[in-house]
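The chains referred to below are lettered A, B, ... by the order of the sequence lines, with proteins before strands, and numbering in each begins at 1.
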Amino acid sequence: MALKIYNTLTLKKEAFKPIEKNVIKLYVCGVTVYGHCHIGHARSAIVFDVVYRYLLEKGYNVIFIKNFTDIDDKIIRRASEEGISWKEVGEKYIKSFYEDMDALHVLRPVHEPRATEHIEDMVRLVETLLEKGYAYKVNGNVYFSVERYKKYGELSKRTLEEMLAGARVEIDERKKNPLDFALWKASKEGEPFWETPFGTGRPGWHIECSVMSTKYLNNPFDIHGGGKDLIFPHHENEKAQTEAATGKPFVNYWMHNGFVNMEKEKMSKSIGNIFLIKDFLKNHHPEALRLFFLSTHYRNPIDYNEQSLEDMHNALLRLYYTLERVSKLQPAKIIKPKRHIPADELFNRFYKAMDDDFNTALALSYIFELSKMLNRMIDEYDESAIHSIHYTQNLMVRLARILGLLNDDLQTFHHNETQRHLEAKGLDMETLEKMIHERTDARKNKNFKKADGIRNLLLEKGIMLLDTPAGTEWRIKYISPMKGEE
RNA sequence: GGCGGCAUAGCCAAGUGGCUAAGGCGACGGUCUGCAAAACCGUUAUUCUCCGGUUCAAAUCCGGAUGCCGCCUCCA
């Protein structure tokens, strides 16, 4: 099966051919570490985590690099705000980044280089660009001359004339062209700096990615990814610098994920409508966020709202409850997974969907179909089916894990869900069990009015009771306030 | 102003030339139940923003209109 990837450079879906057979070199722009990660960072991380997982699943040796930008204007500003050094700012938010990524089950890339560990390489790149005449010095700053690089605008699909017509670029007298961008910035008093042949200063924004990607992957390399907002200027500039310096193409396939909107508006720090991953995790299972993102194609925008997240949380619970039903079946003495052809068909369709530019929305639908298939097999249970059931379950879990879902074992899942949910609703285990007990007694005495009252009370708290032959069980169920009132 | 994208059921969302227009959430009916719930079965878009065109055939291609969004400035 052939993988196709939508390439921002050509605006087309293209058959994917790695440069080296069986090896894929993947670079994704990481974060600038000056704050906690928000839901938008989470989308990018999850999208490329799934790309990484799927490429591994297909048997490729994936050299996946994701950087930290740990020196920049905003970090310096943050340091003075928090009264700590810029290095401490970096350390603090790298730690925060890992907490969030681990919670979201984002796999660690092969290397996670930091900008400040590659200053020497940056200096070398700037020198090369100066030597080749692509860059010029002004008062300790070094600028890249966009007019010298003929393909400037190739990635973001605009010409220099068009960009200037936009005329929102601040005119800086020192630059030859307003669109020229800084490779190296002269440091001001009190700012971090490095000594270089062209002056005391610090790197510009784009250069770290050029340096780290080519250092670990060489160029051209296979896939470069990031959020859509990085196409211009970040990726355009990375490409210009690297191609000008090396005389070789930079990247074969450019992948960009769409934004997360809040109430139809882009989530961004400047608008101030950001929602942190840490806040999300207080109220939801981390996989609900994955499910939410993966239910839309990665290139499309997605609108974040509580209702959608609750829908997704319910959908996630459904998958876990299917696994739970399977776990409760009378175990066979020896499980010999037996092929179940309809399940295999869904498995194949899953791969086909993923091969089509990572169509996770379609791929997910097959996981839900496997879940339904399992439930049906359990409903019509006879002992001989146990082997097929296990086979089907294994397929379902395997596919889910390619998407980074169903990571929890049932115990962990229950424990975490219960903790989070009870806390959010101001309940505790003891009260809950007492209420269930009370209701059971009421039912025994045929006092159904009281029993139903308790049940409704709990339902309002998002706890649903199930009377099974084995006794009363309870589950979490997200009910939106609107629907609850109806 | 320039460039790019989107418009599919109550909501979210796949599908981009031809089998019954995926899947999730929700709603309704059935089985089950004290009644429920869960689970399963069934129903929930004869039609894909609108108007033209191409074609034997279009949600899917082309032209136009309307609406929404993004980039052109730090951003995932």
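Ion pairing between a basic and an acidic side chain is recognised when a charged N comes within 4.0 Å of a carboxylate O; A:Glu99 and A:Lys95 show such pairing. A salt bridge between A:Lys66 and A:Asp49 is absent, with no side-chain N of the basic residue lying under 4.0 Å from a carboxylate O of the acidic one. A salt bridge links A:Glu191 with A:Arg202: the distance from a Lys NZ or Arg NE/NH1/NH2 to an Asp or Glu carboxylate oxygen falls below 4.0 Å.
Atom CG of A:Leu9 is separated from atom NE2 of A:His256 by 10.0 Å, given to the nearest 0.5 angstrom.
For B:rC51 and B:rA59, the C1' atoms lie 16 Å apart once the distance is rounded to whole Å. B:rU43 and B:rG10 have their C1' atoms separated by 15 Å, with the value rounded to a whole Å. Remark: the separation of the C1' atoms in B:rC68 and B:rA58 is 24 Å, to the nearest Å. As rounded to the nearest Å, B:rA21 and B:rG29 have P atoms that lie 26 Å from one another. Rounded to whole Å, the C1' atom of B:rU60 lies 4 Å from the corresponding atom of B:rU16. As rounded to the nearest Å, B:rU46 and B:rC56 have P atoms that lie 28 Å from one another. When the C1' atom is compared between B:rC25 and B:rG67, the two are found 26 Å apart, to the nearest whole Å. Comparing B:rA45 with B:rC12, their C1' atoms sit 15 Å apart, to the nearest whole Å.
For the contact set between residues 34-44 of chain A and RNA chain B, defined by any heavy atom under 4.0 Å, the members are A:His38, A:Gly40, A:His41, A:Ser44.
Under the Watson-Crick or G-U wobble criterion, with both distances below 3.5 Å, B:rA14 has no partner in any strand shown. When both distances must be under 3.5 Å, the Watson-Crick or G-U wobble mate of B:rU54 does not exist. Here B:rA27 sits opposite B:rU43 as a Watson-Crick or G-U wobble pair (both hydrogen-bonding atom distances under 3.5 Å).
Not one N or O on the side chain of A:Asn445 forms a donor-acceptor pair closer than 3.5 Å with the backbone of A:Asn447.
More than 12 non-hydrogen atoms from other residues, nucleotides or ligands lie less than 6.0 angstrom from CD of A:Glu81.
Residues A:His340 and A:Thr392 have side chains that never bring a donor and an acceptor to within less than 3.5 angstrom of each other. Judged purely by distance below 3.5 Å, without hydrogens or angles, the side chains of A:Asp70 and A:Tyr93 never pair a donor atom with an acceptor atom.
Contact annotation for A:Val260: base contact, defined as any heavy-atom pair under 4.0 Å involving a base atom. A:Glu369 comes within contact range of the sugar-phosphate backbone alone, with a heavy-atom separation under 4.0 Å but no base atom that close. Counting non-hydrogen atoms under 4.0 angstrom, A:Lys266 reaches a base of the nucleic acid.
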Each nucleotide in nucleotides 33-43 of chain B should get exactly one letter: B, S or -. Can you fill that in based on protein heavy atoms under 4.0 Å? -BBBBSSSS--
In B/S/- notation, 5' to 3', how is nucleotides 5-20 of chain B contacted by protein heavy atoms closer than 4.0 Å? --------SSS-----
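Each of A:Ala363 and A:Cys29 lies near RNA chain B, and the nucleotide nearest A:Ala363 is the one positioned closer to the 5' end.
In this structure, A:Arg43 is not positioned above the aromatic face of A:Phe292 in the sense of NZ or CZ being under 6.0 Å from the six-membered ring centre and within 45° of the axis.
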